[in-house]
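Structure first, then comments.
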Amino acid sequence: MGLDLGTKTIGLALSDVSLFVASPLETIKRTKFTADAERLLALATQYEVVALVVGLPLNMDGTEGPRCQSTRAFVRNLEKLTELPVVFQDERMSTQAVTRTLLEADTSRARRAELVDKMAAAHILQGALDRLRNL
């Protein structure tokens, strides 16, 4: 399962069983950590997820800023609630790439807002799947 952690939402994506293609799943509106984690882990159980791929929002120069610290803190807390392995995937430019794709498809602003987080999660997960295949 791919995760795009934002300040207001969490985009989720799943891969197919062959670990070849990532697809958008859902966007969770963030409230409190406990509620967010419960929904996330319920979906992970429902879809028999075997690992979590979390987008790490590195700065363009590769350094970690406050958003990375927040993401790492979320993962530390989540790891206390699950035995699923968690890996980080560089997510630089994922939201921009997805937004560009949606603009090229002439998607309305409202529809883009609805889709961008879960599509960014799919972009993050796809990057991890591609990297896994090239090992």
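Values below: every heavy atom of this structure, side chains too, minus hydrogens, waters and symmetry copies. Along the sequence shown, the residues carry numbers beginning at 1.
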For the residue pair [X] and [Y], establish whether any side-chain heavy-atom pair is separated by less than 4.5 Å.
X: E64; Y: L56; value: yes
X: T7; Y: R30; value: no
X: L25; Y: K118; value: no
X: D4; Y: V54; value: no
X: L52; Y: P85; value: no

Exercise for the section: Treating Ile, Leu, Val, Met, Phe, Trp and Tyr as nodes and any side-chain heavy-atom pair under 4.5 angstrom as an edge, say whether L81 and L5 lie in one connected cluster. Expected result: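 Yes; L5 is reachable from L81 via cluster members.
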Exercise for the section: Say whether Y47 and M119 are linked into one hydrophobic cluster, either directly or through other cluster members, by side-chain heavy-atom distances under 4.5 angstrom. Expected result: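 The answer is no; the residues belong to distinct hydrophobic clusters.
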Practice task
Keeping the roles fixed (side chain from T63, backbone from N59), state whether a donor-acceptor pair exists under 3.5 Å.
Solution key: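 No; judged by distance alone, with no hydrogens or angles, the pair does not exist.
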Problem - Expected output: side-chain R67 to main-chain L58 donor-acceptor under 3.5 Å - result: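 The answer is no, because no donor-acceptor pair under 3.5 Å joins these two groups.
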Nearest 0.5 Å please: distance from the [atom1] atom of [X] over to the [atom2] atom of [Y].
X: I10; Y: L43; atom1: CD1; atom2: CG; result: 10.5 Å
X: L40; Y: F74; atom1: CG; atom2: CZ; result: 6.0 Å
X: L12; Y: D117; atom1: CG; atom2: CG; result: 9.5 Å
X: E26; Y: L14; atom1: CD; atom2: CG; result: 10.0 Å
X: K8; Y: T31; atom1: NZ; atom2: OG1; result: 14.5 Å
X: H123; Y: Q89; atom1: NE2; atom2: CD; result: 8.5 Å

Practice task
Check the surroundings of atom CD in E48: do more than 12 heavy atoms from other residues, nucleotides or ligands lie under 6.0 Å from it?
Solution key: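 Count not over threshold, so no.
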Handout entry: Connected hydrophobic set around F20, excluding itself, where side chains approach under 4.5 Å
Key =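 Taking Ile, Leu, Val, Met, Phe, Trp and Tyr as members, F20 shares its hydrophobic cluster with V21.
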Handout entry: Other ILVMFWY residues reachable from L19 by side-chain steps of under 4.5 Å
Key =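 Hydrophobic cluster check, L19: joined to V53, V87, I124, L125, L129, L132, L135.
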Handout entry: Pairing residues for T27 by the side-chain hydrogen bond (donor to acceptor under 3.5 Å, both in side chains) criterion, not counting sequence neighbours
Key =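 T27: no side-chain hydrogen bond (donor to acceptor under 3.5 Å, both in side chains) contacts found.
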So which atom in [X] and which in [Y] form the shortest heavy-atom distance, rounded to 0.1 Å?
X: G2; Y: A121; value: O-CB, 3.7 Å
X: S18; Y: D16; value: OG-OD2, 2.5 Å
X: C68; Y: P57; value: SG-O, 3.2 Å
X: A44; Y: L84; value: CB-CD1, 4.0 Å

